[in-house]
Amino acid sequence: MATNAYDIIKRPIITEQSMSEIDMKKYVFEVAKDANKIEIAKAIEEIFGVKVAKVNTLNMQGKEKRTGRYPAGRRASWKKAMVTLTADSKSIEIFEGMV
């Protein structure tokens, strides 16, 4: 079980698709695999000082990759969280200037 907010929230996901939803106050993060939606919401509120309205989670399968001819390996599987903030909440600063 993750102990503090920084163990739950690993990193923001910066992609073209995730950046297009910032104006609707939707942010995407990589989170700990064992974290639930309530823990994710509390961690986001604690770290960034915002109000979370909704959290959607998705388990992402690791992609299969090859390093040579036969030894096919896999990237690690991970968990993605799409966090929607309330309408009266302030925005998250680390995403500002990236759009």
Would you say [X] and [Y] make side-chain contact, with heavy atoms under 4.5 Å?
{"X": "M19", "Y": "E16", "result": "no"}
{"X": "K51", "Y": "L85", "result": "no"}
{"X": "E64", "Y": "R75", "result": "no"}
{"X": "I13", "Y": "E30", "result": "yes"}
{"X": "I44", "Y": "F29", "result": "yes"}
{"X": "M60", "Y": "S77", "result": "no"}
{"X": "Y27", "Y": "V50", "result": "no"}
{"X": "V83", "Y": "K26", "result": "no"}

Do M82 and I14 land in one hydrophobic cluster if side-chain heavy atoms of ILVMFWY residues count as linked below 4.5 Å? no

According to a 4.5 Å side-chain heavy-atom criterion applied to Ile, Leu, Val, Met, Phe, Trp and Tyr, with indirect links allowed, do W78 and I40 form part of one hydrophobic cluster? no

Within a 6.0 Å radius of atom [atom1] on [X], are there more than 12 heavy atoms belonging to other residues, nucleotides or ligands?
{"X": "K54", "atom1": "NZ", "result": "no"}
{"X": "L58", "atom1": "CG", "result": "yes"}
{"X": "K42", "atom1": "NZ", "result": "no"}

Straight-line distance of R74 CZ to R66 CZ, nearest 0.5 Å: 14.5 Å

So how far is it from K25 NZ to T84 OG1, rounded to the nearest 0.5 Å? 11.5 Å

Using side chain to side chain contact (heavy atoms under 4.5 Å, CB included), reason through T57 and K80 one step at a time and then give a plain yes or no. CA-CA 6 Å; T57 58; K80 178 162 66 170; over 6 Å; no

Grab the two heavy atoms, one from A32 and one from K10, that are nearest each other, plus how far apart they are.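 What the structure gives for the nearest pair is CA-CE, 4.0 Å.
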
Note: N59 and K33 closest approach over all heavy atoms is OD1-NZ, 4.5 Å

With a 3.5 Å distance limit and no angle check, can you tell me whether S89 reaches the backbone of T86 through a side-chain donor-acceptor pair?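 Flag not set: sc S89 to bb T86 has no pair under 3.5 Å.
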
Please say which of V31, V55, I8, I9 ends up in a side-chain contact (heavy atoms from CB on, under 4.5 Å) with E39. I8

